[in-house]
Amino acid sequence: MTDIPEISAEQRHAADLLFARPWTFLKSVPSEEFLPEADRPEIAFSGRSNVGKSSLINALVNQNGLARTSNTPGRTQELNYFLTDAAKFYLVDMPGYGYAKAPKEKVDAWTALIKRYLRGRQSLRRVYSLIDSRHGIKPVDTAILTMLDEAAVTYQIVLTKSDKITPQALAHVIDDTQAKLKAHPAAFPEVLATSSEKARGLTELRTSILGCIV
Ligand code: GDP
């Protein structure tokens, strides 16, 4: 495991404050012409269906119903935009990928939207790419990471559901993930581990986001 730089008390406080104010849903974007004006920085969350993306967004902002946890994986095909009055940046929930039963035309539409979004969105500062701690990076994730590399969008891996494995297994998956990232030029080298269930790693993730948008 590489050493993670110490976060000062001031940084933690500033990062937690950023997410303490109410966040609201702005809009769903089914295709690029509906994107809001790129007048502020934005960060996006991507991940396979069921990775725990909605739960993590809700945990970050401490609001249970903000991102809808979906009972039908693969249903959401839009980019969902969230904002707060406390800070001038957008949080973007990207549609989940890798749902085995998704029809081909939906997958194609998803891929086209994401490619255009990643290539064209100047205000996108970083994509947080969520990976289930129990599984690590799978081929379906590698395809997305490669898309991010090709679009030259910086991304950072966030492991989810860290409460579901032992600390030893978590250390192993962090090492393994960091080793795999060496093949990905746009990947940020540090891997974050989180649990929405146990509220672990949230301040670290908030601090990372704060670092991207200032
Ligand atoms: P999404 O499809 O990526 O938005 O995933 P969800 O946030 O809807 O979560 C999928 C499932 O994983 C739900 O049953 C959640 O309760 C569960 N889950 C999400 N995050 C965690 C976590 O940190 N720990 C545990 N144990 N379960 C989680």
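All of these numbers come straight from a predicted model, not from anything done at the bench. Both counts, for ligands and for their atoms, begin at 1 and track the order of listing.
If you look at Lys164 next to ligand 1, the close heavy atoms, those under 4.0 Å, all belong to the side chain. Contact annotation: for Val51 versus ligand 1, heavy atoms closer than 4.0 Å belong to both the backbone and the side chain.
Contact between Thr160 and ligand 1 is absent, with no heavy atom of the residue lying under 4.0 Å from the ligand. Ligand 1 lies less than 4.0 angstrom from a heavy atom belonging to Ser195.
With no hydrogens or angles considered, a side-chain donor-acceptor pair links Asp141 and Tyr97 at under 3.5 Å.
By the 3.5 Å distance cut-off applied to N or O atoms, Ser54 is counted among the residues near ligand 1. An N or O contact shorter than 3.5 Å is missing between Ser49 and ligand 1 by distance.
The option from Ala67, Ser55, Ser46 that lies nearest to atom 20 (N) of ligand 1, judged by heavy atoms, is Ser55. Of the candidates Asn50, Asp163, Asn58, Asp132, the one placing a heavy atom closest to atom 2 (O) of ligand 1 is Asn50.
Among residue pairs with one or both ends in residues 29-50, those qualifying as salt bridge (Lys or Arg N to Asp or Glu O under 4.0 Å) are Glu32-Arg116, Glu42-Arg121; sequence neighbours excluded. The salt bridge (Lys or Arg N to Asp or Glu O under 4.0 Å) analysis of residues 10-30, with sequence neighbours excluded, yields the pairs Arg12-Glu204, Asp16-Arg206, Arg21-Asp85.
Closest approach of Thr203 and Ala15 over heavy atoms only: O-CB, 4.5 Å.
Centroid-to-centroid, the aromatic rings of Trp110 and Tyr117 stay 6.0 Å apart or farther.
A donor-acceptor contact shorter than 3.5 Å is absent between the side chain of Ser49 and the backbone of Gly98.
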